[in-house]
Amino acid sequence: MESTLLVQSLLLALTTAGLYAAIASGLTLEFGVTGIINFAHGEFVMLGAFLTYFLYEAVGVPPLAGMVLSGLAMTALSWLVFDGFLSRVLKQDEHNQILATIGLSILLINLAMIAWTPDARVMHAPPLLPPLQLGDVIVPGNNLVVLLVGIALYAGMIWFMRHTRQGLLLRLAADDPQLAVLAGVDVTRMFRLSFLIGGLTAGVSGGLVALILYVQPLVGVDLVMRAFAIVALGGLGSIGGALIGAVLLSAAENLTATFVPGGGSWGYGVAFVIIVLVLVVRPTGLFGSERRA
Amino acid sequence: MSRFVGRVGGASYDRLRVLHQLDIAVESGHMLVILGSNGAGKTTALRALAGTVATSGRHLALDGEDLSGCAPWQLPAHGVVLVPDGARCFPNLSVEDNLLGAHGAAAGRRKQVPYGRLRDMVCGYFPILRDRSRQIAGTMSGGQRQMLAIGRALMAEPSALILDEPSAGLAPIIVEELFVTLAKIKRETGCAIVMAEQNVGYATHIADHCVVLEEGRTALSGPMAEVVNHEKLRSAYLGI
């Protein structure tokens, strides 16, 4: 019984890890390339969740299609936000950048509350896949979808960075923006591209959120805090570290919720414990190394 | 036969004017060396040419095509590449990705030579880059990184190559090797080279023309042989 519970808990953790990895890798890509920590990243996820929800509930668009549309919509919104707003604080100091993205985050949350009330909603779509039964353990179909799509997003991002010309140019801009300019890279375009990719993955991740979580204006805050913990674990700016960080955080969170008495409300706190521990013990992250400047 | 012409003037850091004016003109297959002591304005002049330092005036032309309006990042695609000082590389990328990235970044309106052929040419000049192709650039020695920096610039098939103190911080034997290779690159690729140097001795052997900068002004310019043979100038400006 105990071991069934353990396996069940770990399997569920694995599925949410897919979602977390997708969100965290977008965040870490944006930071790695532009140096901006995008505190509003979670709100793009939240907006993607609402969009997928409304597309299904009001118009009847199937959730998978809604996810894709949410991704495209958040790409477009990222473009607007970057060109209209973030590109103007790029050359300013970090405090201004942090305030700018926190301000954007608060603005988007409040607009969502005004438009849709703070109430939590559930998307009543039938599960996209049948549940997976492994002995006594059952993994709900939607969790499988979250795992598959999350991993696909994450793997797609890694593939893009490693195997396309634009991905290579992004890596040049991330490594040394001034030198990248001298090599012929339009660095501003690369900064924008990193936010477009971040927006795309955030929007699709929002669709995943609508599948397994309540849709409400603060859902992005919870998720982005976890993403920060994951990024701290995996190493800031390291997309490769994001997956391992996501699995570790998700497992720690689920195990706490399952096995610690009253742990359901402690699960989220685990993220913060991890952030603090990493910052104290190994500030470069478990798998990050001191980057050569 | 291509010809690279540049004129920059009026570069200041805060109120300190470090560059008054510099005029250069180099034919393809020739090298112009900009000599001057520390703080004479060499680095500023080269950065001003590339456009990464603001100046009151900047004129740039290659083969009669006016490139003055180009943003710094557009220059490599037009055949003008600056190799900055300090043997700078993309430190967390492999040698291969440094070269591949430079090739990809310089893609522009020109028809590019395929990556493999350019890399083979670069590795012909600097064989160490082939042996170390998978090594992370930041872990290499200063000399190797300088070779990578120049190799990276060659991936853009430059018609004008601008080098900022490539010998700085390198052991004499490496400098000698590097300059022999630079002379070969000049001869074989036919690109025009502009090089800032403090290392007067080696530079005089491979340069064709010389400009001496002093406190941001051109103190002397002319064919290298003339400057070297001019006893008074030698002692006054070159210290040899």
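By convention in this document, chain letters (A, B, ...) are assigned in the order of the sequence lines, proteins followed by strands, and residues within each chain are numbered from 1. Just so we're clear, the structure is a prediction, and the values are computed from it rather than from any experiment.
Under the 3.5 Å distance criterion, the side-chain polar atoms of Asn92(B) are left unmatched by any main-chain donor or acceptor of Asp175(A).
Counting heavy-atom pairs under 4.5 Å between each of Val187(A), Leu172(A), Leu168(A) and chain B puts Leu172(A) at the top.
For Leu75(B), no part lies under 4.5 angstrom from a heavy atom of chain A. If you measure heavy-atom distances from Arg171(A) to chain B, the contacts under 4.5 Å come from both the backbone and the side chain. The parts of Gln178(A) that come within reach of chain B are both its backbone and its side chain, each placing non-hydrogen atoms under 4.5 angstrom from that chain. For Arg88(B), the parts lying under 4.5 angstrom from a heavy atom of chain A are both the backbone and the side chain.
Closest non-hydrogen pair, Arg165(A) versus Ala107(B), comes out as NH2-CB, 3.8 Å. Scanning all heavy atoms of the two residues, the minimum distance from Pro72(B) to Val181(A) falls at CB-CG1, 3.6 Å. Of all heavy-atom pairs spanning Val185(A) and Ala105(B), the tightest one is CG2-CB, 3.5 Å.
Summarising the local packing, CD of Glu94(A) is surrounded by 12 or fewer heavy atoms from other residues, nucleotides or ligands at distances under 6.0 Å. Few gaps surround NE2 on His163(A); more than 12 heavy atoms of other groups in view lie less than 6.0 Å from it. Within a 6.0 Å sphere centred on CZ of Arg162(A), heavy atoms belonging to other residues, nucleotides or ligands number 12 at most.
Applying the side chain to side chain contact (heavy atoms under 4.5 Å, CB included) test between Leu182(A) and each of Ile162(B), Leu82(B), Val81(B), Val83(B) identifies Leu82(B) as the sole match.
The CG atom of Asp176(A) sits 10.5 Å away from atom CG of Leu93(B), with the distance rounded to the nearest 0.5 Å.
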Next item on the list: For side-chain contact (heavy atoms from CB on, under 4.5 Å), just list the numbers for Leu179(A) and Phe90(B), CA-CA rounded to whole Å, side-chain angles, deciding distance to a tenth of an Å, and then say yes or no.
Entry: CA-CA 8 Å; Leu179(A) 189 59; Phe90(B) 295 102; 3.9 Å; yes

